[in-house]
Structures are given as structure tokens and as C-alpha cells.
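All values below come from the heavy atoms of this structure, side chains included, with hydrogens, waters and symmetry mates left out.
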Amino acid sequence: MTSYQFPQDFWWGTATSSYQIEGAVKEGGRKPSVWDTFSTIPGRILNNDTGAVACNHFHRYQDDVKLMANLGIKHYRFSIAWPRIIPEGRGTVNEAGVDFYKRLVDCLQEHGITPHATLFHWDSPQLLEDLYGSWQSRQMAIDYADYVTAVVSRLGDRITHWMTLNEISCFTHYSYGVDSDPIHAPGTRVNSLKEIWQTSHHALLAHGLGCQAIRAVSPVPCSVSLVDNFSVTVPINESPDHIEAAQNAFHSYGQNGGIIFPALTGAYSPILLEQLGENAPDIQEGDLDIIHQPLDSFGFNVYSGKYVRAAENKLGYEILYFPEGYPKMYMPWLYIVPDAIYWGIRHLSETLGRSDLPVIITENGCATPDELNAKGEVIDTDRILYLRYYLQSAHRSITEGYPLKGYFLWSFLDNFEWAYGYDRRFGIVYVDYSNQKRIPKASFDWYRECIRQNRVV
Ligand code: FCB
């Protein structure tokens with residue numbers, strides 16, 4: 001028997017996002033996003049990089065899609081830039097911006113690749129920041145839903161897999177801060193933790209209203225998901241007491257209790273609300289019904305996890321810190337915890353009780369200090385090692401009957417890695433930014449072979 005074989009209909013794909021690869025920030029009627037503004041503030045981004053040119057995918061998408069076809073993927077996740085579609089955030093639709101995505105999607109389909117579109121991957125219109133402070137205002141959810149209506153009514157004939165928002169905590173809890181400068185755009189200081197939780201509450205409302213908008217205007221049946229990078233608690237070993245500890249910790253670790261809990265169960269975790277006390281967000285009547293929309297799948301972005309063990313304290317568990325020598329990839333937070341895939345999926349089923357919801361891994365990958373060798377190749381065996389372990393864990397979840405349906409590797413190309421600029425490369429294709437040359441890495445060949453054999457090789 002061949003080992004680590006995946007089901008015949010498993011989706012193999014790769015993922016990217018608009019601001020990280022498109023460039024052409026002033027072309028085709030696009031206006032600035034909060035990331036254009038934020039990245040030009042000296043010192044906010046490593047080496048003061050910006051996404052102004054990025055991988056110039058806006059102009060090079062045809063060659064990029066050819067390379068994807070060469071890789072053998074049948075699924076591609078990308079994001080649509082709100083400031084290309086509605087440059088001022090609200091009001092007039094820029095048809096030239098819509099046309100870019102029509103061209104991209106047509107090209108994907110000509111190559112037999114199914115498009116999966118994320119409607120928001122952090123690049124919100126700067127003008128809404130100027131007008132009312134972006135996610136600090138409830139109005140943002142309403143304007144987002146109008147933007148979604150504009151997109152889906154124009155592209156819904158070509159795209160049937162929609163994802164509302166990418167990683168709510170990253171554009172709320174990491175974009176607004178009380179005691180320190182937030183690392184993500186718009187990078188606003190606020191007065192209390194409550195104000196931060198209010199921004200993620202507004203984002204949840206945007207998700208809910210966005211789901212309703214997609215279903216209302218899509219001309220054909222379509223699938224709708226939310227993409228989140230919830231925090232994965234992993235038992236230090238799989239004894240019943242440590243498993244129970246990991247399940248208990250899951251409720252309030254990171255932002256879990258205030259993001260995936262309301263989105264997938266219709267209620268904030270009571271444990272989190274108790275911990276937050278007066279810092280809990282204001283929740284208006286009917287909000288939770290809007291937020292708790294029926295979904296067709298859940299998009300799980302997973303890079304790392306946190307070990308937990310049972311403890312004789314009030315909580316009954318203890319979150320464990322990584323020892324000095326614990327292996328990690330080329331990011332301060334990227335500890336190698338392959339079991340995070342398996343445990344994340346199991347928590348969705350068991351801890352949240354959503355075993356009915358198909359799961360797609362919408363991002364998994366790592367940064368490595370890639371360099372071209374004398375032959376002009378990138379031999380990233382470090383990335384292959386990381387990916388192989390994580391895919392084995394994904395396979396375990398399928399073997400045990402959890403509903404995992406697909407895997408999108410982050411990322412297809414090296415790209416603008418937010419606060420780390422171009423310094424941290426996550427691609428399986430190397431980008432030489434001096435001439436925009438694409439050089440497939442050893443991991444590209446490895447992933448192609450996995451896809452070809454439909455198993456972890
Ligand atoms: C995720 C983001 C993605 C990329 C990876 C490394 O949090 O969704 O854009 O930056 O991390």
C-alpha cells in the first residue's frame with residue numbers, strides 16, 4: 001500500500017493575496033489602501049519596503065498562471081483588492097478594476113484552475129480610514145457588504161468559491177493597539193482593549209453581512225467560507241487529561257473565544273467574556289444572528305501551535321512556552337508544530353462541535369532564508385521538511401474521519417510579507433525582485449510530485 005495517500009477528490013492548491021503580489025498600486029483606477037499609507041511611514045516595514053511593485057503580478061499574471069498549471073494545481077486562492085473595485089471605499093464602482101479580475105479568472109479557467117476568491121485580505125481603502133477610522137466604525141461592515149455586492153454581482157458568473165475575510169485578528173487585534181504601536185495597518189493607537197475587541201466585532205458583522213450579500217446576488221449556487229488563523233492548542237501528549245486541557249485552553253487562547261466561537265457557534269465564549277469583563281465589546285441585539293451565518297466550508301490558516309498540559313490550578317491547564325532550542329523556521333513565531341493541523345481540525349469538530357463543516361487548509365507554509373546557489377537554483381530542503389511534516393498531520397486528520405477537503409500552500413510566489421517586507425520569502429517560486437524573474441524552488445518540484453501522486457512524497 002502506498003503511504004499518505006489522499007482522497008481522489010482532494011483539492012491541491014496554492015494561495016496569495018492582492019497587496020502582497022499585485023503591485024501596480026496606481027494603475028487601473030486603484031486608489032491607496034491602508035497598507036500603501038502604512039508602508040510609507042519610515043520604520044514600520046523592514047527595510048522600508050512597500051507593496052508598490054511587489055511581484056508585479058498585475059502585469060505578469062498570465063505567466064504566473066502558466067507556472068501554476070505547470071505545478072499541476074487545480075485550485076488557486078487569491079484576493080480581490082477593495083480599492084481596485086471601489087477606490088473610494090464606498091460609492092462608484094471602478095469597472096477597470098473589475099476587468100483585471102475577469103482577465104485573471106478567465107486565464108485560470110483556460111488552464112483548468114478553479115478560482116477561490118478572498119474578498120478581503122487586509123487592503124482596505126485609505127479613504128474609509130480617513131472618513132471614520134476603518135474597523136473602529138460599525139459603518140465599515142455596511143460598506144464592506146456593499147463592496148461584496150459589487151464584486152459578486154459582476155464576477156459571480158465566473159467565481160463560485162468565496163471567502164469573506166482573511167484572519168480577522170490580524171487586521172483588528174494587530175492593527176489597533178493600546179500600549180504599543182500595532183504592527184499592521186492602519187497602525188492606530190486606541191484607549192482600551194474594549195476598543196480593540198470592538199474592531200473585531202465589526203469585522204465579524206462584516207463577515208455576516210458579506211455572507212448574506214454573496215448569497216443574495218450570486219447568479220449561480222456558490223460556496224461561502226470564512227478564513228481564520230485561530231490559535232491551536234496542542235496537548236503535550238495525547239493522554240486524556242492533556243487532551244482535555246488543550247480543549248479547555250482552546251476557548252480563550254488567542255482571540256479564539258471572540259472570533260471563531262461567535263462565527264461558528266453563534267456566541268462569544270462565556271469563558272472569554274468573563275476574562276474580558278468590562279473590555280468585552282458592545283454587542284447589539286441581532287448581531288450574533290448576523291454573524292452566525294450558514295457556511296459551506298471553513299478556511300483554516302495554520303502555521304504553528306501552542307503546547308498545553310493539564311495542571312492543578314484554577315484553569316486546569318497550563319500553556320507551555322517553547323524551550324530555547326525548539327526548532328523554528330525563519331520567522332520569530334514560526335515554531336514547527338506539525339500536529340497543529342490535526343489538532344486544529346479536531347478542535348473545530350470536537351471542541352466547537354462543528355464536525356458538519358468541511359475544512360479547507362487555506363494557508364500553510366513557511367519562510368526560509370532562501371538563496372540562489374551557483375547554478376541559479378534554490379534548494380530549500382528546509383521548506384520541504386516543514387511542509388512534509390504538516391501534510392502528514394493533515395493526512396492523519398483525514399484517516400481519522402475529520403472533514404478535511406483541500407490544502408492551499410502559502411505561498412505560490414515570494415511576496416511582500418507585511419511588516420517583514422521582501423526579507424522573508426514564503427514562496428515555492430523564488431522571485432528575483434531586481435528583474436521579476438520567477439525561479440521555481442526545489443519545494444516546487446516536491447509539491448508537484450505530491451500532487452501528481454496524490455500523496456505526501
Ligand atoms: C498569514 C497571512 C498571509 C501571509 C502569511 C505568512 O497570516 O494571511 O498574508 O502573510 O501569514
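Leu119 contributes atom CG, which lies 7.5 Å from atom OG1 of Thr164 (distance to the nearest 0.5 angstrom). The structure places OG1 of Thr14 at 6.5 Å from CD1 of Ile428, a figure rounded to the nearest 0.5 Å. The NZ atom of Lys66 sits 13.0 Å away from the CZ atom of Arg438 when rounded to the nearest 0.5 Å. Distance check: Leu385 CG to Met329 CE gives 7.0 Å after rounding to the nearest 0.5 Å. Atom CG of Leu104 sits about 11.0 Å away from atom CZ of Arg158, to the nearest 0.5 Å. Between Phe444 atom CZ and Arg383 atom CZ the span is 13.0 Å, to the nearest 0.5 Å.
The aromatic ring centroids of Phe6 and Trp12 lie less than 6.0 Å from each other. The distance between the ring centers of Tyr422 and Phe416 falls below 6.0 angstrom. Ring pair Phe250/Trp343: centre-to-centre distance not below 6.0 Å. For Phe171 and Phe120, the gap between ring centers is short of 6.0 Å.
Side-chain contact between Leu67 and Pro440: present, with at least one pair of heavy atoms (C-beta onward) separated by less than 4.5 Å. When side chains are defined from C-beta on, Lys437 does not count as touching Val431, because their heavy atoms never get closer than 4.5 Å. Residues Glu417 and Met331 are in side-chain contact: their nearest non-hydrogen atoms beyond the backbone lie under 4.5 Å apart. Between Cys450 and Arg455, the closest side-chain pair of non-hydrogen atoms is not below 4.5 Å. Contact annotation: the side chain of Thr114 never approaches that of Leu108 to less than 4.5 Å [non-hydrogen atoms, C-beta and beyond]. In this structure, the side chains of Phe426 and Tyr303 come closer than 4.5 Å at one or more pairs of heavy atoms. By the 4.5 Å heavy-atom criterion applied to side chains, Leu413 and Asp64 are counted as neighbours. Considering only heavy atoms from C-beta on, Phe10 comes within 4.5 Å of Ile398 through its side chain.
The aromatic rings of Phe408 and Trp11 sit perpendicular to each other, their planes meeting at more than 60°, with 30° as the lower class boundary. Using the six-membered ring where Trp is involved, His184 and Trp418 have ring planes that are tilted, between 30° and 60° apart.
If you check the side chains of Ser39 and Tyr19, you find a donor sitting under 3.5 Å from an acceptor. Remark: the Tyr144 side chain and the His207 side chain contain no N/O donor-acceptor pair separated by less than 3.5 Å. For the residue pair Arg77 and Thr118, a side-chain donor N or O sits within less than 3.5 Å of a side-chain acceptor on the partner. For the residue pair His292/Thr265, the side-chain donor-acceptor check at 3.5 Å is not satisfied. Between the side chains of Tyr317 and Gln247, not a single donor N or O lies within less than 3.5 Å of an accepting N or O. Looking only at atom types and distance, the side chain of Ser33 has no donor-acceptor partner in the side chain of Gln126 under 3.5 Å away. Side chain to side chain, Tyr407 and Asn364 meet the donor-acceptor criterion of an N or O pair below 3.5 Å. For the residue pair Thr149/Asp146, the side-chain donor-acceptor check at 3.5 Å is not satisfied. For the residue pair Asn301 / Asn166, a side-chain donor-acceptor distance below 3.5 Å is found, with atom types taken as modelled. Using a 3.5 Å distance cut-off with no hydrogens or angles, the side chains of His173 and Ser169 do not pair a donor with an acceptor.
Evaluation of the side chain to side chain donor-acceptor pair (under 3.5 Å) rule for Ser411 yields Asn415 as partners, not counting sequence neighbours. Qualifying salt bridge (charged side-chain N to carboxylate O under 4.0 Å, His left out) partners for Glu449, counting only residues two or more places apart in sequence or in other chains: Arg452.
Contact between Val148 and Ala213 at its shortest, heavy atoms only, is CG1-CB, 4.0 Å. The nearest pair of heavy atoms linking Leu391 to Trp446 is CD1-CH2, 3.7 Å. The two residues Arg60 and Cys55 come nearest to each other via the heavy atoms CD-O, 3.7 Å. Pro87 and Pro125 get closest at one heavy-atom pair: O-CB, 4.2 Å. When all heavy atoms of Ala150 and Val93 are compared, the pair lying nearest together is CB-CG2, 3.8 Å. Pairing each heavy atom of Gly344 with each of Val232, the nearest pair is N-CG1, 3.5 Å.
The closest donor-acceptor contact from the side chain of Asn373 to the backbone of Glu377 lies under 3.5 Å. At distances below 3.5 Å, not a single donor-acceptor pair connects side-chain atoms of Glu238 with backbone N or O atoms of Pro235. When atom types are taken as modelled, the side chain of His121 and the backbone of Ser17 share no donor-acceptor pair closer than 3.5 angstrom. Using a distance-only test at 3.5 Å, with no hydrogens or angles considered, a donor-acceptor pair links the side chain of Asp380 to the main chain of Ser443. In this structure a side-chain-to-backbone donor-acceptor pair under 3.5 Å is present from His242 to Ala310. Between the side chain of Ser397 and the main chain of Ala394, a donor-acceptor pair closer than 3.5 Å is present. Within the 3.5 Å criterion, the main-chain N or O of Ala246 finds a donor-acceptor partner in the side chain of Thr233. Checking side-chain atoms of Thr399 against main-chain N and O of His395 turns up a donor-acceptor pair under 3.5 Å. The closest donor-acceptor contact from the side chain of Asn256 to the backbone of Ser231 lies under 3.5 Å. Remark: the backbone N or O of Ile336 is paired with a side-chain donor or acceptor of Tyr326 at under 3.5 angstrom.
Around atom OH of Tyr307, more than 12 heavy atoms belonging to other residues, nucleotides or ligands sit under 6.0 Å away. Other residues, nucleotides and ligands place more than 12 heavy atoms under 6.0 Å from the CD atom of Glu318. Within 6.0 Å of OH in Tyr389 there are 12 or fewer heavy atoms belonging to other residues, nucleotides or ligands.
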- Message: Quick one, Phe100 with Tyr61, criterion ring-ring contact (aromatic ring centres under 6.0 Å, His included). Give me CA distance, side-chain angles, the key distance, then yes/no.
- Response: CA-CA 10 Å; Phe100 166 64; Tyr61 72 92; 5.8 Å; yes

- Message: With ring-ring contact (aromatic ring centres under 6.0 Å, His included) as the criterion, how do Tyr335 and Phe322 come out once you've worked through the C-alpha distance, each side chain's angles and the decisive distance to 0.1 Å?
- Response: CA-CA 8 Å; Tyr335 293 98; Phe322 289 99; 3.9 Å; yes

- Does the pair Asp414 and Arg425 meet the rule for a salt bridge (Lys or Arg N to Asp or Glu O under 4.0 Å), with working shown? CA-CA 5 Å; Asp414 290 339; Arg425 296 174 177 271; 2.6 Å; yes

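Remark: Glu22 engages Arg84 in a salt bridge, criterion side-chain N to carboxylate O under 4.0 Å. Taking a cutoff of 4.0 Å between a charged side-chain nitrogen and a carboxylate oxygen, Asp36 and Arg30 qualify as a salt bridge.
For the pair Arg396 and Tyr342, the distance from NZ or CZ to the six-membered ring centre is under 6.0 Å and the angle to the ring normal is within 45 degrees.
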For a quick test of your reading: what N or O donor-acceptor pairs under 3.5 Å do the side chains of residues 68-76 make, sequence neighbours left out?
unit_1, atom_1, unit_2, atom_2, d
Asn70, OD1, Arg448, NH1, 2.7
His75, ND1, His116, NE2, 2.9
Tyr76, OH, Thr16, OG1, 2.6

